Amino acid sequence: MKVAALADVKAHLSAYLDECENEGPIIITRNGKAAAVLLAPKDNDDLERLIVAHSRRFQALLAKSRKSIKAGKGVAHDEFWKAVKQSHQAKRLSQVRRKPKLGG
């Protein structure tokens, strides 16, 4: 993995982007200490995973959910998917009812 100073990355960002796409992540330093990582996602799914994995808000929600499940307040797998299916069907039904009739 390559390490580069922030000043050099700022001056040659395009070249560093090309390099991280081909060679992998680049650690960016400020005053000799790691400050950031330049990373090229493989695709949109990879980008989404990176964003979610480092989202403080999402991690807090996940921790709260895990705590709730440990306390016995979770929803069983089958119940969850049944509720999702019902919600999806209700949305679809409301969309069908709102469609205007043609020629009427």
Side-chain angles (χ1 to χ4, degrees):
M1 197 172 311
K2 183 169 184 164
V3 177
L6 176 60
D8 195 45
V9 173
K10 286 169 61 175
H12 305 99
L13 181 58
S14 184
Y16 278 102
L17 284 175
D18 291 340
E19 186 172 342
C20 81
E21 286 175 347
N22 298 317
E23 305 295 326
I26 298 171
I27 298 171
I28 302 170
T29 62
R30 179 186 299 151
N31 300 324
K33 295 182 182 180
V37 177
L38 185 59
L39 179 66
K42 295 175 186 122
D43 53 33
N44 286 339
D45 289 337
D46 191 29
L47 177 61
E48 186 174 347
R49 280 190 294 275
L50 285 166
I51 291 170
V52 168
H54 296 281
S55 164
R56 289 184 182 141
R57 184 174 166 203
F58 179 76
Q59 293 302 320
L61 179 62
L62 193 57
K64 183 179 176 183
S65 297
R66 287 180 175 148
K67 185 177 178 182
S68 179
I69 289 169
K70 272 188 173 181
K73 297 178 184 176
V75 176
H77 180 270
D78 292 339
E79 290 178 42
F80 172 80
W81 288 110
K82 183 179 178 182
V84 169
K85 183 178 180 181
Q86 288 173 344
S87 175
H88 180 71
Q89 287 172 340
K91 283 182 184 178
R92 192 185 302 157
L93 184 60
S94 70
Q95 289 173 347
V96 168
R97 288 182 182 162
R98 282 191 254 157
K99 284 187 178 178
K101 293 181 182 180
L102 297 175

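In this text, all values refer to a predicted model and were calculated from it rather than measured experimentally.
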Can you sort out the partners of H88 under side-chain hydrogen bond (donor to acceptor under 3.5 Å, both in side chains), two or more places apart, ordered by chain and number? R92

Check: residues 16-26 side-chain donor-acceptor pairs under 3.5 Å, at least two apart:
| unit_1 | atom_1 | unit_2 | atom_2 | d |
| --- | --- | --- | --- | --- |
| Y16 | OH | D8 | OD2 | 2.3 |
| E19 | OE1 | K2 | NZ | 3.4 |
| E19 | OE2 | K2 | NZ | 3.4 |
| N22 | ND2 | D18 | O | 3.0 |

Listed once per pair and sorted, the side-chain hydrogen bond (donor to acceptor under 3.5 Å, both in side chains) pairs that draw on residues 36-52, sequence neighbours left out: none

Members other than M1 in its cluster, when Ile, Leu, Val, Met, Phe, Trp, Tyr link by side-chain heavy atoms under 4.5 Å? V3, I27

Per-pair distances, 0.1 Å, donor-acceptor, side chain in residues 58-79, under 3.5 Å, sequence neighbours excluded:
| unit_1 | atom_1 | unit_2 | atom_2 | d |
| --- | --- | --- | --- | --- |
| Q59 | NE2 | A53 | O | 3.3 |
| S65 | OG | L61 | O | 3.0 |
| H77 | NE2 | W81 | NE1 | 3.3 |

Partners passing side chain to side chain contact (heavy atoms under 4.5 Å, CB included) against I51 (at least two apart in sequence or in another chain): L47

Check side-chain hydrogen bond (donor to acceptor under 3.5 Å, both in side chains) between R56 and all other residues, then give those that pass, not counting sequence neighbours. none

Side chain to side chain contact (heavy atoms under 4.5 Å, CB included) partners for A35, two or more places apart: R30

